[in-house]
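We count ligands from 1, going down the list as the structure has it; atoms in each ligand are counted the same way.
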Amino acid sequence: MIKKLLVIFCLIIFICCGCTWKTEKPINDLDTIINRGELIVGVKTDTYPFGFKNAKGKFLGYDVELAKLIARGLLGNDQKIKFVPVSAYDRMIKLDSKEVDMIIATMSVTPQRQQILDFSTPYYTAGQAILVKKGSKIKNIHNLKGKRVIIVFGSTSERSIREAVQDVGIIGYKTYTDAYKALKQSKGDAIVADDTILYGFAYKDNNVVLLPKRYSKEPYAIAFRKGNESKQLIKSVNEIINTETRNGNLKRLQQKFGLK
Ligand code: GLU
């Protein structure tokens, strides 16, 4: 009997200690970032003017600048940041494996993605468009029937083009740089992607043309792992986005990168 009581007593102590331990050490992403003293952000390197690198390997672009504003808001210093290159193809994997705290990478909010990720309030709206070589007979989405369309794996256009056009050949690449090269080498007849990204190519190259029509609304937002761990972080990030919108900093950044 005494033995039994002793076991029960020990169990009670164990459970209580366990509970105390759990409440003393809440795991949440905001605390992790603050304790680390550095924000780790996944950004693109192939999507001018949102995420790209200069000749010296420096990360530049609207998303990169936005990430710095978030670091300043969370840690009081926009230099306390590490950038990890991501693509449309691998960004969710890098977020899920905790290689990054968040993704700021031309990422659209979609109902499918909202099932597995959480998003901040949107900070920009793009739209899907078509990029062709100069002199192409393709003038709109209907002309893509029976043609070879280039997309980037993991992007929203990979899905939408299959739904919008029947009898279309899809050629996929892992990066926008490779997709653009493929168009130049006539491996495909057109690229379907966000106007913001395609505009970057058309701006630098007179031999490609961005067609005027837009086929979707792509609200860009910052992506987080789904769950309680992210809640506090998302709240803080949304407050920063609101502040930077109100004080005109986001507008100024858009102008700096030639965005509408
Ligand atoms: N905004 C679209 C998306 O989230 C296309 C841009 C991208 O590939 O990142 O998929």
request  = Heavy-atom contacts with M107 under 4.0 Å: which atoms of ligand 1 show up? List them by number with element.
outcome  = 4 (O)
note = So ring-ring contact (aromatic ring centres under 6.0 Å, His included) across residues 65-98, not counting sequence neighbours, yields F59-F83
message = For atom 5 (C) of ligand 1, what is the closest protein heavy atom, and at what distance to 0.1 Å?
response = D194 OD2, 3.2 Å
task = Could you tell me which atoms of ligand 1, counted from 1 in the order shown, lie closer than 4.0 angstrom to a heavy atom of T106?
result = 1 (N), 2 (C), 3 (C), 4 (O), 6 (C), 7 (C), 9 (O)
inquiry  = Test your reading of the structure: does Y220 have an N or O sitting under 3.5 Å from an N or O of ligand 1?
reply    = no
request  = Among all protein heavy atoms, pick out the one at the shortest distance from atom 8 (O) of ligand 1; state its residue, atom name and that distance to 0.1 Å.
outcome  = Y176 OH, 2.5 Å
query = Does a salt bridge link D63 with K44, judged by any charged N lying under 4.0 Å from a carboxylate O?
reply = no
message = Going by ring-ring contact (aromatic ring centres under 6.0 Å, His included), F50 matches just one of Y176, Y199, Y124. Which one?
response = Y124
query = Should you measure from each heavy atom of A88, which atoms of ligand 1 turn up under 4.0 Å away?
reply = 8 (O)
inquiry  = So if I count the atoms of ligand 1 from 1 in the order they appear, which ones are less than 4.0 Å from some heavy atom of I197?
reply    = 6 (C)
ask   = Do the charged groups of E244 and K251 touch, with an N to O distance under 4.0 Å?
value = no
message = Test of understanding: given a 4.0 Å heavy-atom threshold, classify the contact between E158 and ligand 1 as side chain, backbone, both, or neither.
response = neither
inquiry  = Closer than 4.0 Å to some heavy atom of A105 - which atoms of ligand 1 meet that?
reply    = 9 (O)
query = Are K231 and D118 close enough for a salt bridge, meaning some N to O gap below 4.0 Å?
reply = no
request  = Mind checking ring-ring contact (aromatic ring centres under 6.0 Å, His included) for Y180 and listing every partner two or more places apart, or none if nothing turns up?
outcome  = F201
remark   = Between Q112 and R159 the two heavy atoms that sit nearest each other are NE2-NH2, 3.2 Å
ask   = If you measure from atom 4 (O) of ligand 1 to every heavy atom of Q128, R113, K44, which option wins on shortest distance?
value = R113
